[in-house]
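Notes for the one structure printed next.
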Amino acid sequence: MDHPVPLLLSLALLLTSPAFASDWPDLSTPPAATRDGANDAALVVGIQDYAKVDDVLGARENANDWYAWLVKTRGVPLARVHVLRDSLAVDHKIESELALAVSEVQPGGTLWVVFIGHGAPSKDGRDGLLVGADADRSADGIYQRSVARSEVLAAIEQGRQGQAVVVLDTCFSGQGQGGGALVEGLQPLVPTRERVSSGRVTLLTGAGSGEFAGRLPGTTRPAFSYLALGALRGWGDSDGDGVVSASEVAEYTLGALRATVHDRSQTPSLDGPDLALARGRERGPDLVALAVKGAAAPVTTGVATIDLGGGSTDFAALAAEAQAAEAAKRQAEGAAAAAAAALAKEERRQLDAAAATVRSQASRDFAALKALVEAPTASGKPVLEAYVARYGAAKVTVGAKTEAVDVPEVAKVRAALAVVAAPAAVVAAPTGVVAPTGVVAPTTVTSTARAGEQVVTKSGMKMRVIPAGTFTMGCTPGAWVCDADEKPAHEVTLTRSYLLAETEVTQGQWSAVMGSNPSKFSSCGSDCPVERVSWLDAVAFANALSTKEGLDACYVISGETVGWPKGAACTGYRLPTEAEWEYAARAGEASSHADGAEMGSARWMADYAGGKTHRVGQEQANPWGLADMTGNVWEWTWDWFGPYGAGATTDPLGATTGLNRVRRGGGWTLTVDGARFAARARSDPGSKVNDIGLRLARTLP
């Protein structure tokens, strides 16, 4: 995998680079037993010594550490843990041992599959390959002696497990551990990420498309499988609850790699459900300290070369000179990085301090205007307009960097100005509203009477009016449980009223527009929620329905790139934002659960759903007339997943970029804990899973 170098230099580098730098803990001693794995089974593959292609240094040791953790900490019975190291890990043996583990896992247990070794793209470039230990140094040799990633996932589906965890410390770009080509002639296309179709399989992969899975800085160990195991031991427990979830593993490994790795880009990925994977409270290494001092560089054997020539040579002197030169280089790089970091930190401090000064002054001025805001009048309008003019476009500048300042009170003043401008504002109902049976369709929807009012669109979709307003989003005080990504609770103001469908999109509605039904539970009937639709499918459906009804299509779609150019100003069909979804689910109430309890409209969860979806609208609707806001199927939202900010915000659209889109509401596979209004989950935009569907929104004109 690394480019060849003179033998003596390779030996010198290996001898002077220990398996672990002192900053990275040794994982060979497992933590105290948790005994969670009595029903589990596992397959661990670690291939360090490849017969004909370059080795993967440290793979054997990482596999041993995983084996010790599974048996001694997790408590998986020895008879159900299958380990393949080096020459034993050929393709047919990997397949047969995997089949044994699949047959041995007990109902409700976890099936663990860990692979540490080379990966490659398949011949057609559409799949990834796990390269066996006897693979030849040729493209055909790789194709003939590897196991396809899709075959591994398909085999896992045959098991009786409650969940499966697949950890792949490899990459599928055809690169080795040092970034060079594994063999010549491999398919140059980078395989797509595997779309996990099951709600029972969580897939953690060590590197993204076009990247290579390299070593832990300063060691000979593969980085991802080492860090993922550390995360499960407790290093990744970001919320301190003693339970490590799949997303916590992915976030910890990504953060650790970004903090300490400087010679490559390596982005771990998470596909499938974000499940709890392990219990652990072990403290990990100080990643901040490692980042600040620029931890030892990864061992490389493909960069430095020394021409020893002929005659007598003092190898010790040459080695000392090479090491001294490398140390000087690293010291200079570290000093430059530290200086840049210090400058950026000071710039950030000054920008934050200036913004805080602006917000503090804005709060004092807003307090002086409180009476005008609470009871707006025409005579007070100029004062309110002056406030918006001053703080609505506030900015702070440090050096060459300028940032806008978000002043939460501006939205409240603008809302007061809107009342002054139209004290009896009337908002027209969407074009084509017709009266449902037994319901009088409004010709207008007033600002005081529209909350929860029902309208029916041309296609017959029943929707409810959701009024503009302010609410507390996230894990609210008094909630009995919450996850780290639900914090901090923060104030959100939505300045536009909108429509939200009473129920999730049904299979009948989907088929009428798209001409097909992708659902696994198609036998449930046309009134059951459509599922196995990706986020990309969902936005395409919204556009298609808008076109069918003669409305503007809200999204511009080019392959997997989706734009929303008009934002909420578009009055065609669209997905709700994450904030719109939670605001509508809460319906102005303080409860943390659906219907103020753990049941009610949340009944179609794992404990009660019977392993399938059910007809929409059977459960009690919330005060605004929305049914199935929790349970049945998850619902896609517009937002990229990202952390919440601490301050108040107006009309938030989520993170600007990301790897996963947010889904809300829980599904039939989830326990009633997922009935919480604040509960968040995320999936790749291309994921198609049988417990994910959608609910449509429209902005009121």
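Remark: Arg233 CZ to Asp65 CG distance equals 7.5 Å, nearest 0.5 Å. Here the CG atom belonging to Asp86 is positioned 8.0 Å from the CD1 atom belonging to Ile47, to the nearest 0.5 angstrom. Taken from CG in Leu694 to CG in Asp537, the straight-line distance is 9.5 Å, to the nearest 0.5 Å. Note that the OG atom of Ser146 and the NE2 atom of His118 stand 10.5 Å from one another [nearest 0.5 Å]. Note that CZ of Arg60 is 11.5 Å distant from CD1 of Ile116, once rounded to the nearest 0.5 Å. If you take CD on Gln144 and CG on Asp136, they are separated by 7.5 Å, rounding to the nearest 0.5 Å.
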Practice item. Go through Asp127 and Ser150 one step at a time and tell me if the side-chain hydrogen bond (donor to acceptor under 3.5 Å, both in side chains) criterion holds. Key: CA-CA 7 Å; Asp127 200 357; Ser150 58; 2.5 Å; yes
Point to revise | Candidate pair Phe115 and Trp66, rule ring-ring contact (aromatic ring centres under 6.0 Å, His included), full reasoning | key: CA-CA 10 Å; Phe115 179 89; Trp66 271 91; over 10 Å; no
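Residues Arg149 and Phe172 form a side-chain contact, since some pair of their non-hydrogen atoms from C-beta on lies under 4.5 Å apart. Within the 4.5 Å cutoff, side-chain heavy atoms of Asp628 are placed close to those of Arg695. Within the 4.5 Å cutoff, the side chain of Val201 has heavy atoms near those of the Val166 side chain. Within the 4.5 Å cutoff, no side-chain heavy atoms of Ser511 are placed close to those of Ser516. Side-chain contact check for Tyr50 versus Asp134: every heavy-atom pair is 4.5 Å or farther apart. When side chains are defined from C-beta on, Leu216 counts as touching Trp24, because their heavy atoms get closer than 4.5 Å. Put simply, the side chain of Asp691 does not reach to within 4.5 Å of the side chain of Phe521, judged on heavy atoms. Residues Asp237 and Val243 are not in side-chain contact: their nearest non-hydrogen atoms beyond the backbone lie 4.5 Å or more apart.
A donor-acceptor pair shorter than 3.5 Å cannot be found between the side chains of Asn690 and Arg532. With 3.5 Å as the limit, one finds no donor-acceptor pair spanning the side chains of Gln507 and Ser526. One side chain, Thr267 or Glu211, offers a donor N or O that lies under 3.5 Å from an acceptor on the other. For the residue pair Asp169 and Ser225, a side-chain donor N or O sits within less than 3.5 Å of a side-chain acceptor on the partner. A side-chain donor-acceptor contact under 3.5 Å links Arg85 and Asn64. Donor-acceptor pairing under 3.5 Å is recorded for the side chains of Asp274 and Ser247. Judged by distance alone, the side chains of Arg663 and Ser683 do bring a donor and an acceptor atom under 3.5 Å apart.
The pair Glu531-Lys688 fails the salt-bridge criterion, with no side-chain N (NZ, NE, NH1 or NH2) lying under 4.0 Å from an Asp/Glu carboxylate O. A salt bridge links Glu251 with Arg682: at least one charged nitrogen is closer than 4.0 Å to a carboxylate oxygen. Arg145 has no carboxylate O lying under 4.0 Å from a charged side-chain N of Asp91, or vice versa, which leaves the two without a salt bridge. Of the charged side-chain nitrogens involved, none lies within less than 4.0 Å of a carboxylate oxygen, so that Arg680 and Glu486 do not count as a salt-bridged pair. Ion pairing of Asp36 with Arg279 is present here, as a side-chain N (NZ or NE/NH1/NH2) and a carboxylate O approach within less than 4.0 Å.
Between Trp235 and Tyr226, the ring center distance clears the sub-6.0 Å criterion.
Cation-pi contact between Arg661 and Trp640: present, with separation from the ring centre below 6.0 Å and deviation from the ring axis of at most 45°.
Among Leu129, Ile94, Leu98, Val90, the single residue meeting the side-chain contact (heavy atoms from CB on, under 4.5 Å) criterion with Val147 is Ile94.
In this structure, Trp112 and Trp69 have perpendicular ring planes: the angle between them is above 60°, well past the 30° mark.
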